[in-house]
There are 2 protein chains.
Amino acid sequence: MAARETNPNFMNGVPELLILRLLQQEEMYGYEIVQAIRSRTGAVITIGEGAVYPVLHGLEHDGALASSRKTVNGRSRIYYSVTHAGSSRLADLAEAWTHLTAAIQTILTGGQHGEAIQRTS
Amino acid sequence: MAARETNPNFMNGVPELLILRLLQQEEMYGYEIVQAIRSRTGAVITIGEGAVYPVLHGLEHDGALASSRKTVNGRSRIYYSVTHAGSSRLADLAEAWTHLTAAIQTILTGGQHGEAIQRTS
DNA sequence: ATACTATACCTCACAGTTCGATGCATTGCA
DNA sequence: TGCAATGCATCGAACTGTGAGGTATAGTAT
């Protein structure tokens, strides 16, 4: 936890951020989340199951998510939903993400000259 | 290099991106870069020397940076500047970064409902 | 029936990164 | 002479995601 003292290691929590946000919009299960992230980002971002499940478990352990096992068509699925604590966590992560991207943007745009970055190819 | 096949591990190249951009604007030396990143981002981002020097060396090795040793006030400094190849690399990284943040933004804003994320605290 | 694919859960070893500490050398100041 | 700041550089510890692998059920094609 504690997200390191200095930087949140930059993207430390991106998977967590995306997962929380997705679940806040709609209750989902692990396998579904993996596909949702891939399809909604046009495959730009792909978070594998090996990364999703551990996050899900950790988040539930921290009380940010609540799970309920449901059987659909004989398939057992574990649906996760965001708790009150989870919403706070999402808000914190979203805010951190905003600060981070803003900071990077500041350097990318060169502060005030506003030079555009051109492709040389 | 090759930037992995799937995701560029998300931020894989943020330090590289920032350093290249900084050097493209102005010739700098390692120690100066560390402080520049910290100050220009309002301490939101801090990339330690342990991360900066390896990037500098790797980039130079790849021909993206050129170095020149200069002595100022008896202090020996190694100034780095971006080469043509380095500019291409910067453009690529900047583009990847743009795609990545756009993708994340898509999920954060919930696609089309445009729900805002509110702090619950 | 049997095979194969998709669904659905989960875990682990490996690779790649960054952090923080540390070491060395020189300059300026008290 | 002692101490702080500057400046370069490297190393080990810790963290994270990838990719592969494992289990099991349902549906579809052969």
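Throughout, a chain's letter reflects where its sequence line sits, starting with A, and its residues are numbered from 1. If you're wondering where the values come from, they're calculated on a predicted model, not measured in any experiment.
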Exercise for review: Examine C:dA8: is either OP1 or OP2 under 4.0 Å from a nitrogen or oxygen in the side chain of A:Tyr29? Give yes or no.
Suggested key: yes
Exercise for review: Would you indicate whether the side-chain heavy atoms of B:Ile104 and A:Val44 approach each other to under 4.5 Å?
Suggested key: no
Study note, to complete from the structure: Closest non-hydrogen contact found for B:Met28 with B:Ile33 is CB-CG1, 3.9 Å
Exercise for review: Check step by step if side chain to side chain donor-acceptor pair (under 3.5 Å) holds for B:Thr106 and A:Arg40.
Suggested key: CA-CA 7 Å; B:Thr106 298; A:Arg40 297 201 194 188; over 6 Å; no
Atom pairs, protein N/O to nucleotides 27-30 of chain C N/O, distance under 3.5 Å:
residue, atom, partner, partner atom, Å
C:dT27, O2, B:Arg75, NH2, 3.4

Would a distance-only check, ignoring hydrogens and angles, find a side-chain to backbone donor-acceptor pair under 3.5 Å from [X] to [Y]?
{"X": "B:Thr71", "Y": "B:Gly74", "result": "no"}
{"X": "B:Gln105", "Y": "B:Leu100", "result": "no"}
{"X": "B:Thr83", "Y": "B:Gly63", "result": "yes"}
{"X": "B:Gln24", "Y": "B:Leu90", "result": "no"}
{"X": "B:Arg21", "Y": "A:Leu108", "result": "yes"}

Distance in angstrom units between [X] [atom1] and [N] [atom2], rounded:
{"X": "B:Tyr31", "N": "C:dA25", "atom1": "OH", "atom2": "P", "value": "18 Å"}
{"X": "A:Ile47", "N": "D:dT16", "atom1": "CD1", "atom2": "P", "value": "14 Å"}
{"X": "B:Tyr79", "N": "D:dT6", "atom1": "OH", "atom2": "C1'", "value": "12 Å"}

Using atom names, set out every protein N or O paired with an N or O of nucleotides 10-12 of chain D below 3.5 Å, distance rounded to 0.1 Å.
residue, atom, partner, partner atom, Å
D:dT10, OP2, B:His57, ND1, 3.3

Check your understanding: Do NZ/NE/NH1/NH2 and the carboxylate oxygens of A:Glu32 and A:Arg77 come within less than 4.0 Å?
Key -> no
Review point. Hey, are A:Lys70 and A:Glu27 close enough for a salt bridge, meaning a charged N less than 4.0 Å from a carboxylate O?
Key: yes
Exercise for review: Rounding to 10 degrees, work out the angle separating the end axes of the helix from C:dA1-D:dT30 to C:dA30-D:dT1 (five pairs an end).
Suggested key: 0°
